[in-house]
There are 2 protein chains.
Amino acid sequence: MHDPEATLRQHDLPVTAQRIAVLRAVSSHPHATADDLTESVRGELGTISRQSVYNVLNVLTDKGIIRRIQPADSPARYEDRIGDNHHHLVCRSCGKTEDVCCAVGEAPCLKAHSHHGFKIDEAEVIYWGTCPACQKKR
Amino acid sequence: MHDPEATLRQHDLPVTAQRIAVLRAVSSHPHATADDLTESVRGELGTISRQSVYNVLNVLTDKGIIRRIQPADSPARYEDRIGDNHHHLVCRSCGKTEDVCCAVGEAPCLKAHSHHGFKIDEAEVIYWGTCPACQKKR
DNA sequence: ACCGAGTTTTGGACTTTGTCAAAAAGAATG
DNA sequence: CATTCTTTTTGACAAAGTCCAAAACTCGGT
């Protein structure tokens, strides 16, 4: 995400300091939670309301500018990297999240046949495990 | 789940009316939420506290007797069917959840190489889409 | 069948994550 | 610049779950 301002204009979104800051924060802290991002934005802007962070994140998510991921037992996390069908690796004990490319060749995970009459539009894969740091701790 | 009582004893869990009822409810209402299950158990026992339902569900989940699934934007759901590595198909608009067998042959989804030093123990797949009923509605 | 020790269940307060709504402030167009 | 429409802010609220202490129950031994 090189130019947050341009990105906003491309999507017909009024440019505000809050949006620019949130966008930058998401970009530089992949997989951060709304809370993490609020912290980060406050460091840059001084203040921002909790609600605004949510507003911005929701708008950006709706426009497809960022992606929201919601692993079990964790608040939602946000990321910049979109449209490349990658998946996630989450640590059960600390929540650390990493990106992984689709492990099984050319996105076969998307080829699920339409089961039960559902119209499938996405296959979400989460690999659960323990991160190196947490492996040491125990 | 034919004999909830026997199942409890097998796992060294004291047998209580609440546990039997919750276990039966999970068995007969696959993918139900804690709230749904509370409803169902109240129909059978008359009363049960909200906390007890959570207690029981947590114990059963810890012991591996039932499985908890937590799709985004939905409260946790519980199921009986465990150990067969099946995945889920969730309707984005109504939350209806169906089981699907691993779509790509013999569980290749579990073969993710250990990335980033993580020790991976599970690959969770959720197929997102629209169920037949919700397709008609719009 | 009863007792006692140790678990469960209960009820109520509390926490976390997020949304709703109305008023104040700010961006963009002519 | 002024107007209009959107955003931001503030504060209340909602859903899902957990924490804690007291009361009730289960189970093993007698």
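By convention in this document, chain letters (A, B, ...) are assigned in the order of the sequence lines, proteins followed by strands, and residues within each chain are numbered from 1. Everything numeric here is computed off the predicted structure, so don't read it as measured data.
- Look at B:Ser52 and you'll find a side-chain N or O under 4.0 angstrom from OP1 or OP2 of C:dT10.
- Distance A:Ile48 CD1 to C:dG26 P: 14 Å, rounded to the nearest Å.
- Atom CG of B:Leu45 is separated from atom P of C:dT8 by 17 Å (rounded to the nearest Å).
- At whole-Å resolution of the value, CZ in A:Arg19 and P in C:dG26 are 15 Å apart.
- Here the side chains of B:Tyr78 and B:Leu57 are in contact, with some heavy-atom distance below 4.5 Å.
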query = Which letter, B, S or -, goes with each nucleotide of nucleotides 16-21 of chain C from 5' to 3', with contact meaning a protein heavy atom under 4.0 Å?
reply = -SBBBB
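- Bending across the helix from C:dA1-D:dT30 to C:dG30-D:dC1, expressed as the angle between its end axes from five pairs apiece, amounts to 30° (10° rounding).
- Sorted by first and then second residue, the side-chain hydrogen bond (donor to acceptor under 3.5 Å, both in side chains) pairs with a member in residues 39-49 of chain B read B:Arg24-B:Glu44, B:Ser49-B:Ser52; sequence neighbours excluded.
- Paired with A:Val22 under the rule side-chain contact (heavy atoms from CB on, under 4.5 Å), one option of A:Asn55, A:Ile66, A:Val41 passes, and it is A:Val41.
- If you check the side chains of A:Thr33 and A:Asp36, you find a donor sitting under 3.5 Å from an acceptor.
- Ion pair B:Asp121/A:Arg92 flagged as a salt bridge, since at least one NZ, NE, NH1 or NH2 atom sits closer than 4.0 Å to an Asp/Glu carboxylate oxygen.
- Looking at residues two or more places apart in sequence or on another chain, you find no side chain to side chain donor-acceptor pair (under 3.5 Å) involving A:Asp12.
- Residues A:Arg77 and A:Thr97 form a side-chain contact, since some pair of their non-hydrogen atoms from C-beta on lies under 4.5 Å apart.
- Regarding contacts with the backbone of C:dT7, every side-chain N or O of B:Thr16 stays at 4.0 angstrom or more from both OP1 and OP2.
- Side-chain contact between A:Trp128 and B:Glu124: present, with at least one pair of heavy atoms (C-beta onward) separated by less than 4.5 Å.
- Side-chain contact between B:Val53 and B:Arg50: absent, with no pair of heavy atoms (C-beta onward) separated by less than 4.5 Å.
- At a threshold of 4.0 angstrom between heavy atoms, the contacts of B:Val15 are confined to the sugar-phosphate backbone, with no base atom among them.
- For the side-chain contact (heavy atoms from CB on, under 4.5 Å) test with A:Ile65, the passing option among A:Leu13, A:Val59, A:Asp80 is A:Leu13; the others fail.
- For A:His31, the ring pair (Phe, Tyr, Trp, His ring centres under 6.0 Å) criterion is met by A:His88, not counting sequence neighbours.
- Note: CG (A:Leu13) to C1' (C:dT29) measures 17 Å, nearest angstrom.
- Here chain B contacts DNA chain D (any atom closer than 4.0 Å to a heavy atom, that is under 4.0 Å), and the contacts span D:dA16 to D:dC27 from 5' to 3'.
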